[in-house]
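See below for the structure under consideration.
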Amino acid sequence: MKKIIAILLTSALFSISSLSALAAEVPTLRASYSMTTHQEAFMVAMARGEKFKDSGVWLKPVVEREKFDLYADGKRVARLNVIVTKSGSEATSLFAQNHLDLTTNSFPAMLSGIDRGTKIKVLAPLQADAIAMVARNDIKAKGWKGFSDYVKKSKKPVTVGYHSPTSAPKIVFEAAMDKAGFKITGDANATKADADILMIDLKGIPNVIPALVANQVEFAVVPAPTPEVIEAKKQGRVVLQMKELPPAGAWESFPCCCIAGREEVIEKNPEAVKAYVRLLTVASDWCQKNKMDAAAETADWLGLEPEVIAKAEMEFSTRVTKTWLKNAELYPEMLNRLGQLTGKLKDKKLSEVKDVVFDFRFTQVDK
């Protein structure tokens, strides 16, 4: 009997040891996203889970919304511990502290992190468009002409809020205003003689609606689904989509969020990172082709009605096109013009630092 017990214990210990060794072979990676429909693809990948199995890459839930096993071609390649970040700026800070490995987040925020010396690589695009300008209910301006006329008639700088200093909405808007000939300032003491528009940092998307309701700002530039939520709750009005800004066609299909990772993690775990980008490619394609179904999958995730989510005018793709690269060039140009790049990317064009910024080995690149 003692021999039998000893054999069983030895067998059990061997099994536990084997399982531990197997688990140790699979990297645990920390992956973040923000609660915006710009990153709907990752939410859809989590929500649909094993429904993507036919694509060859999928997530298996371990702890709902928090932990997932990432599979590729029937093989478990990573455990993902999921983190929700408030903004791209927060994600870059977590990268700098080695507290984050992968993210779907703001492209200009990643540029700012790389400029400061954080070892990040942009792995692929993720989405374009779905940025809008909203106004208080008492402001009736509509479209570019309505906003332009409002600014010209105002006797003081018109206040426009934004949620993050490195956000695409702020940078695209300021670039468009510069091209339109409007003077912009961040100085709250500025007069109409100094500037036409006063930009106000609202320090996070959750503060946009309160700022409008409290008359802290007249307008705000924000990503989806906030503009759609504002209209649905009748707490403000959508004035225009950012792609409507002048000159005509210049801001169409404009990049915002991207896929990024920490350099050390990419080099140590290429198989897992490849599967992660592949999963987001599958999810992005599915979202692009199934807009209402994608909205339904993420409705509970975001706490919104599917109809509200589906109103966002957005493109999903991880493909690096010539148009994407051309439009992406604007971000370092504007960040440099604003004096926000002081390190590796200072006074550099994106084409001059592409090896510093990009690692496109896991995605499709147009020649």
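The basis for the numbers below is simple: all heavy atoms, side chains too, and nothing from hydrogens, waters or symmetry mates.
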Side-chain ([X]) to main-chain ([Y]) donor-acceptor, under 3.5 angstrom:
{"X": "Trp251", "Y": "Glu244", "result": "no"}
{"X": "Thr118", "Y": "Ile120", "result": "no"}
{"X": "Asn336", "Y": "Asp347", "result": "yes"}
{"X": "Asp101", "Y": "Arg30", "result": "yes"}
{"X": "Asn105", "Y": "Gly88", "result": "yes"}
{"X": "Ser167", "Y": "His163", "result": "no"}
{"X": "Glu315", "Y": "Ala128", "result": "no"}

Is any side-chain N of the basic residue among [X] and [Y] closer than 4.0 Å to the acidic one's carboxylate O?
{"X": "Lys243", "Y": "Glu313", "value": "yes"}
{"X": "Glu50", "Y": "Lys53", "value": "yes"}
{"X": "Lys311", "Y": "Glu307", "value": "no"}
{"X": "Glu297", "Y": "Arg48", "value": "yes"}
{"X": "Lys75", "Y": "Glu271", "value": "yes"}
{"X": "Arg79", "Y": "Asp69", "value": "yes"}
{"X": "Asp115", "Y": "Lys344", "value": "no"}
{"X": "Asp196", "Y": "Lys183", "value": "no"}
{"X": "Asp149", "Y": "Lys153", "value": "no"}
{"X": "Asp300", "Y": "Arg65", "value": "yes"}
{"X": "Lys203", "Y": "Glu90", "value": "no"}

Rounded distance (nearest 0.5 Å) linking atom [atom1] of [X] with atom [atom2] of [Y]:
{"X": "Leu123", "Y": "Met110", "atom1": "CG", "atom2": "CE", "result": "11.0 Å"}
{"X": "Phe95", "Y": "Glu264", "atom1": "CZ", "atom2": "CD", "result": "12.5 Å"}
{"X": "Leu335", "Y": "Arg337", "atom1": "CG", "atom2": "CZ", "result": "11.0 Å"}
{"X": "Lys86", "Y": "Met35", "atom1": "NZ", "atom2": "CE", "result": "13.0 Å"}
{"X": "Lys289", "Y": "Ser284", "atom1": "NZ", "atom2": "OG", "result": "11.5 Å"}
{"X": "Ile114", "Y": "Leu111", "atom1": "CD1", "atom2": "CG", "result": "5.5 Å"}

I want to check something: taking the side chain as every heavy atom from C-beta on, are [X] and [Y] in contact at a cut-off of under 4.5 Å?
{"X": "Glu66", "Y": "Asn81", "answer": "no"}
{"X": "Leu59", "Y": "Tyr71", "answer": "no"}
{"X": "Leu212", "Y": "Gln235", "answer": "no"}
{"X": "Thr37", "Y": "Glu228", "answer": "no"}
{"X": "Thr103", "Y": "Leu94", "answer": "no"}
{"X": "Trp301", "Y": "Met46", "answer": "yes"}
{"X": "Thr85", "Y": "Tyr33", "answer": "no"}
{"X": "Leu341", "Y": "Pro332", "answer": "yes"}

For the student: nearest non-hydrogen atoms of [X] and [Y], plus distance:
{"X": "Gly186", "Y": "Leu198", "answer": "C-CD1, 3.7 Å"}
{"X": "Met242", "Y": "Met133", "answer": "SD-N, 4.5 Å"}
{"X": "Ser87", "Y": "Ser34", "answer": "N-OG, 4.0 Å"}
{"X": "Gly161", "Y": "Leu202", "answer": "CA-CD1, 3.9 Å"}
{"X": "His38", "Y": "Cys256", "answer": "ND1-SG, 3.3 Å"}
{"X": "Thr36", "Y": "Ala224", "answer": "OG1-O, 2.5 Å"}

Could you check whether atom [atom1] of [X] has more than 12 heavy atoms from other residues, nucleotides or ligands sitting under 6.0 Å from it?
{"X": "Glu305", "atom1": "CD", "value": "no"}
{"X": "Gln97", "atom1": "CD", "value": "yes"}
{"X": "Lys233", "atom1": "NZ", "value": "no"}
{"X": "Lys348", "atom1": "NZ", "value": "no"}
{"X": "Lys179", "atom1": "NZ", "value": "no"}
{"X": "Lys140", "atom1": "NZ", "value": "yes"}

(request) Examine Phe254 together with Tyr331 and report whether their ring centres are nearer than 6.0 Å. (result)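 Phe254 vs Tyr331: aromatic centres under 6.0 Å.
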(message) Centroid separation under 6.0 Å, is that true for the rings of Phe219 and Phe147?
(response)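 When the ring centroids of Phe147 and Phe219 are compared, they turn out to be within the sub-6.0 Å range.
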(message) Run the side chain to side chain contact (heavy atoms under 4.5 Å, CB included) test on Arg116 and Thr92 for me, step by step, so that the C-alpha distance in whole Å, both residues' side-chain angles and the decisive distance to 0.1 Å come before the verdict.
(response) CA-CA 10 Å; Arg116 293 193 297 270; Thr92 56; 3.3 Å; yes
(message) Can you classify the ring geometry of Trp324 versus Phe107 as parallel (below 30°), tilted (30 to 60°) or perpendicular (above 60°)?
(response)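 Judged by the thresholds at 30° and 60°, the geometry between Trp324 and Phe107 is tilted.
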(request) Carefully, step by step, assess Ser89 and Thr166 under the rule side-chain hydrogen bond (donor to acceptor under 3.5 Å, both in side chains). (result) CA-CA 7 Å; Ser89 296; Thr166 56; 3.0 Å; yes
(request) Please lay out, stage by stage, how Trp144 and Leu245 fare under the test side chain to side chain contact (heavy atoms under 4.5 Å, CB included). (result) CA-CA 6 Å; Trp144 166 247; Leu245 291 170; 3.8 Å; yes
(message) Among Lys121, Lys119, Arg361, Arg262, exactly one meets salt bridge (Lys or Arg N to Asp or Glu O under 4.0 Å) together with Glu267. Which residue is that?
(response)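 The salt bridge (Lys or Arg N to Asp or Glu O under 4.0 Å) with Glu267 is passed solely by Arg361 among Lys121, Lys119, Arg361, Arg262.
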(message) Determine whether Phe316 and Trp286 satisfy the following criterion, side chain to side chain contact (heavy atoms under 4.5 Å, CB included), listing intermediate values before the conclusion.
(response) CA-CA 9 Å; Phe316 292 103; Trp286 189 87; over 6 Å; no
(request) Before giving the answer on side-chain hydrogen bond (donor to acceptor under 3.5 Å, both in side chains), spell out for Arg237 and Asn137 the whole-Å C-alpha distance, their side-chain angles and the decisive distance to 0.1 Å. (result) CA-CA 6 Å; Arg237 302 168 51 256; Asn137 276 322; 5.6 Å; no
(request) Sort out for me which residue in Asp73, Thr318, Thr363 forms a side chain to side chain donor-acceptor pair (under 3.5 Å) with Arg278. (result)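 Single pass found, and it is Asp73.
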(request) Go through the steps to decide whether Ile184 and Asp178 satisfy the test side chain to side chain contact (heavy atoms under 4.5 Å, CB included), and finish with yes or no. (result) CA-CA 8 Å; Ile184 298 172; Asp178 182 66; 5.7 Å; no
(request) Could you verify whether a donor N or O on one side chain and an acceptor N or O on the other, from Tyr150 and Glu218, lie under 3.5 Å apart? (result)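 Yes, because at least one side-chain N or O of Tyr150 sits under 3.5 Å from a partner of the opposite role on Glu218.
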